[in-house]
Number of protein chains: 2
Amino acid sequence: MSRFDATENRINLTHQRFPDYPREPAMLVRLVKAISQHVHDTANLVLRQYGLNHTDYNVLMMLYGCQQEGMTVTQLRDAAAEKSANVTRVCNILYDRGWMARFADPQDRRRVLVSLTPEGEALVEQFLPSMSSLLNEYGSAFDAQETAMLEILLKRLLGVAEQIERNL
Amino acid sequence: MSRFDATENRINLTHQRFPDYPREPAMLVRLVKAISQHVHDTANLVLRQYGLNHTDYNVLMMLYGCQQEGMTVTQLRDAAAEKSANVTRVCNILYDRGWMARFADPQDRRRVLVSLTPEGEALVEQFLPSMSSLLNEYGSAFDAQETAMLEILLKRLLGVAEQIERNL
DNA sequence: ACCAAATAGTACACAAATGAACTATTTGGT
DNA sequence: ACCAAATAGTTCATTTGTGTACTATTTGGT
């Protein structure tokens, strides 16, 4: 019995009490929230042994997957889907631990470029097996076709969510 | 051009550098995170006029959709998918504002039962139109079949995520 | 009946996230 | 050329979220 049943029952009853409350999107949004929380919590458990948390990991992975010599903090903010102030906070931590390098962008003096240090690269490659295993477990929920379908549907939902936020 | 493209490019490159890093589930997990964040941010904007934030809303909705006279804090924790300490924190706020009632459970002296006050019910019904509109906008991304498919797939992913966490 | 283990909810210290303000720099319009 | 508006990144105060410890109560095994 999933804990989500409790959530679902509440949503169904809300829809009955207030018929304009749209059951389906409410469910989707709650499911997304619950999954995100679980992933976050589990990732935190896995990453603890490396002295990291999920947010650190997200930022590090975006740096690892960067093909230029460095990326701006704004690029990192977008890729990691974190607020600017939080990116700065996490970057400070990573920098203090020697995993991140910072240098001025010669093309725009407002900008700071950030990249992984060799120690940072080594750290990432240290935790990548564990995190890959975890991700594979999530992926095991679906076959290839379902995975592709889900990616398409989620991308669409994200597109709409981004649009809604822009229009506010 | 979605900001998610930046994320996707980093994931693709990471997969090239480290082929065991599973591109598909990494994408799914990142999409879920991004959507959750957008929903959270937008909900906060919408709810601000009522003096509420997204977490408050989530808790209130679980209370509104409760058919018994009250629910235990543990039930609320499960339904709202929040940590116990956070539920207590939010309940304190709602209680202080007169939106929530608290009383002892006659059947188990460890338990506290919580429910909406009439003012709390009125508050919920005040913001329900706005939040319903927002949810309908998210739902507009899909037709009925896609919605049903997405709900099924996300429920499965949540089931796996819950299982993984239990096994740790 | 007794007692260890489990449970319920809260307090509290701390971590993580965020909004707003800020300074420096760049851009775009006149 | 000038300047207002926009941008980049950081700081900082505050809010939000969480892990752990705690007390009281209940459960389950002997």
Side-chain angles (χ1 to χ4, degrees), chain A residues 3 33-34 36-45 47-48 51-59 70-97 100-115 165 168, chain B residues 3 33-34 36-45 47-48 51-59 70-97 100-115 165 168:
Chain A
R3 283 181 174 181
K33 177 183 184 296
S36 188
Q37 179 81 295
H38 275 285
V39 170
H40 184 70
D41 291 346
T42 304
N44 279 337
L45 290 179
L47 292 160
R48 184 181 295 204
L52 297 170
N53 65 35
H54 191 219
T55 306
D56 302 332
Y57 157 84
N58 280 334
V59 169
M71 61 198 302
T72 67
V73 174
T74 299
Q75 286 173 327
L76 184 53
R77 178 202 71 198
D78 290 344
E82 292 287 342
K83 301 285 171 74
S84 293
N86 214 28
V87 169
T88 297
R89 185 183 63 83
V90 172
C91 284
N92 287 342
I93 292 168
L94 300 180
Y95 179 79
D96 287 345
R97 295 190 192 167
M100 174 185 281
R102 273 173 170 152
F103 41 100
D105 182 346
Q107 301 193 319
D108 184 335
R109 288 196 293 178
R110 295 173 299 185
R111 292 200 185 126
V112 177
L113 296 176
V114 289
S115 64
E165 206 175 328
L168 282 171
Chain B
R3 286 181 173 183
K33 177 184 184 292
S36 188
Q37 179 82 296
H38 275 286
V39 171
H40 183 71
D41 291 344
T42 303
N44 279 336
L45 289 179
L47 292 160
R48 184 180 295 200
L52 298 170
N53 65 36
H54 191 219
T55 306
D56 302 332
Y57 157 82
N58 280 334
V59 169
M71 58 195 305
T72 67
V73 175
T74 298
Q75 286 173 328
L76 183 53
R77 178 202 70 196
D78 291 343
E82 292 286 343
K83 301 287 171 72
S84 292
N86 214 29
V87 170
T88 297
R89 184 180 65 84
V90 172
C91 284
N92 287 343
I93 292 167
L94 300 181
Y95 180 80
D96 288 345
R97 293 188 193 166
M100 175 185 279
R102 273 174 168 146
F103 40 102
D105 183 345
Q107 300 192 324
D108 184 336
R109 288 197 291 181
R110 295 173 297 183
R111 292 199 184 130
V112 177
L113 295 175
V114 289
S115 63
E165 205 174 327
L168 281 173

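In the text below, chain A, chain B and the rest are named by the order of the sequence lines, each starting its count at 1. Heavy-atom basis, side chains included; hydrogens, waters and symmetry copies ignored.
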Once you round it to whole Å, what is the distance between [atom2] of [N] and [atom1] of [X]?
| X | N | atom1 | atom2 | answer |
| --- | --- | --- | --- | --- |
| A/N44 | D/dT20 | CG | P | 12 Å |
| B/Y57 | D/dT16 | OH | P | 18 Å |
| B/D41 | D/dT16 | CG | P | 13 Å |
| A/M100 | D/dG9 | CE | P | 12 Å |
| B/L52 | D/dT15 | CG | P | 15 Å |
| B/N53 | D/dT15 | CG | C1' | 9 Å |
| A/H40 | D/dG17 | NE2 | P | 11 Å |
| B/R48 | D/dT14 | CZ | P | 16 Å |

| query | For B/N53, what residues pass the side-chain hydrogen bond (donor to acceptor under 3.5 Å, both in side chains) criterion, not counting sequence neighbours? | reply |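 Per chain and number, B/N53 pairs via side-chain hydrogen bond (donor to acceptor under 3.5 Å, both in side chains) with no residue.
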| request: Could you pick out which residue, A/Q37 or A/M71, lies toward the 5' side of DNA chain D when each is mapped onto its nearest nucleotide? | output: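 It is A/M71, whose closest nucleotide lies nearer the 5' terminus.
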| All salt bridge (Lys or Arg N to Asp or Glu O under 4.0 Å) counterparts of A/R111, not counting sequence neighbours |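 With neighbours one apart ignored, the set is A/D105, A/D108.
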Any idea which heavy atoms bring [X] and [Y] closest together, and the distance?
| X | Y | value |
| --- | --- | --- |
| A/G70 | A/S115 | CA-CB, 4.2 Å |
| B/A81 | A/Q37 | O-NE2, 3.7 Å |
| A/A80 | A/V59 | CB-CG2, 4.2 Å |

Do [X] and [Y] make a side-chain contact, defined as non-hydrogen atoms from C-beta onward lying under 4.5 Å apart?
| X | Y | result |
| --- | --- | --- |
| A/T72 | A/R77 | no |
| B/Y57 | B/L47 | yes |
| A/V112 | A/C91 | no |
| B/T74 | B/R110 | no |
| B/H40 | B/T55 | yes |

| query | Name the stems with DNA chain C in them: runs of three or more consecutive Watson-Crick or G-U pairs, distances under 3.5 Å? | reply |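 C:1-30 with D:1-30 - these are the stems of 3 or more pairs that involve DNA chain C.
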| said: Quick check for you: to the nearest 0.5 Å, what is the distance between A/H54 atom NE2 and A/N44 atom CG? | reply: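 Rounded to the nearest 0.5 Å, the NE2-CG separation comes to 7.5 Å.
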| query | So, A/E82 and B/K33, do they make that salt bridge, N to O below 4.0 Å? | reply |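 Salt bridge between A/E82 and B/K33, a charged N being under 4.0 Å from a carboxylate O: yes.
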| query | Between A/K83 and B/D41, is there a salt bridge with N-O shorter than 4.0 Å? | reply |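 Judged by the 4.0 Å cut-off on N to carboxylate O distance, B/D41 and A/K83 do form a salt bridge.
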| Of A/N92, A/L94, A/I93, A/V90, the residue whose pairing with A/M100 passes side-chain contact (heavy atoms from CB on, under 4.5 Å) |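 Answer to the side-chain contact (heavy atoms from CB on, under 4.5 Å) test with A/M100 among A/N92, A/L94, A/I93, A/V90: A/L94.
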| task | Would you jot down, in residue-number order, the residues of residues 85-96 of chain A having a non-hydrogen atom under 4.0 Å from DNA chain C? | result |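 Contacts with DNA chain C under 4.0 Å: A/A85, A/N86, A/R89.
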| field | Within residues 102-111 of chain A: residues closer than 4.0 Å to DNA chain C (heavy atoms) | value |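 Result for residues 102-111 of chain A: A/D108, A/R109, A/R110, sorted by number.
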| said: Could you tell me the boundaries of the chain A footprint on DNA chain C, defined by atoms under 4.0 Å from its heavy atoms? | reply: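 The contact span of chain A on DNA chain C goes from C/dA16 to C/dT26.
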| said: Mind checking if B/T74 touches a base, just sugar-phosphate, or nothing, with heavy atoms under 4.0 Å? | reply: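 B/T74: backbone/sugar contact only, no base atoms under 4.0 Å.
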| said: Does D/dG17 have OP1 or OP2 under 4.0 Å away from a side-chain N or O of B/T55? | reply: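 So the side chain of B/T55 is within the cut-off, an N or O lying under 4.0 Å from OP1 or OP2 of D/dG17.
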